[in-house]
Amino acid sequence: MDEMASEPKRQAHRAARGHRWEQVELRPYKEDERALFKTVSRQILFGDPDLACELRYFEVAPGGFSTLERHEHMHAVMVLRGRGECLVGREVRKIELHDLVTVPPWTWHQFRAGPREPLGFLCMVNAQRDKPQLPTPADLTELSKDKTVARFLGTNPAAP
Ligand code: MN
């Protein structure tokens, strides 16, 4: 008989230094090769198949950013380390420790760390979820019509 299969699931994971947890694997942010992002790590803190949601911890290194994307599933985010900015829909917001951000269905979103500090956040997400959509060039042009959004995305606003 397989010894591992009879072991109960681990119920407690002690916190470790640097926003790590014992026995929680530090994973790459995404496997999706189409997605544009920079220096993001992912840890799945709660991902029991009997739960309807997962809780993950993402950390974006200084100057890094998550993928600009949208999808039907939602995100519920709490900042746990550092500061940065996020885009949700057409709103750009500065975010810092313990701020909460809700990403509704089908809403463009992206998280960016500031130049000197990492941005770490908890993200609750549906366990069953659709694949993210990435912006087309037309979507980017549309989003960039707003100067604040254009500055956030690092693109130039349309010439006057
Ligand atoms: Mn997302």
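Note that ligands are numbered from 1 as they come in the structure, with each ligand's atoms numbered from 1 the same way.
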TODO: Using side chain to side chain donor-acceptor pair (under 3.5 Å) as the criterion, list what pairs up with R56, not counting sequence neighbours.
DONE: none

- [ ] Please name all residues satisfying ring-ring contact (aromatic ring centres under 6.0 Å, His included) with F65, sequence neighbours left out, ordered by chain then number.
- [x] none

Open item on the list: Here's one to test your reading of the geometry: is the NZ or CZ of R112 within 45 degrees of the ring axis of F152 and under 6.0 Å from its centre?
Closed with: yes

TODO: For Q128, look at atom CD and say whether over 12 heavy atoms of other residues, nucleotides or ligands are found less than 6.0 Å away.
DONE: no

Task: T67: partners by side chain to side chain donor-acceptor pair (under 3.5 Å), with sequence neighbours left out - done: K30

Task: Enclosure of R129 CZ (heavy-atom neighbours >12, cutoff 6.0 Å) - done: yes

Task: the Mn ion (ligand 1): protein N, O or S atoms that are less than 2.8 Å away, sorted by chain - done: E69 OE2, H71 NE2, H75 NE2, H109 NE2

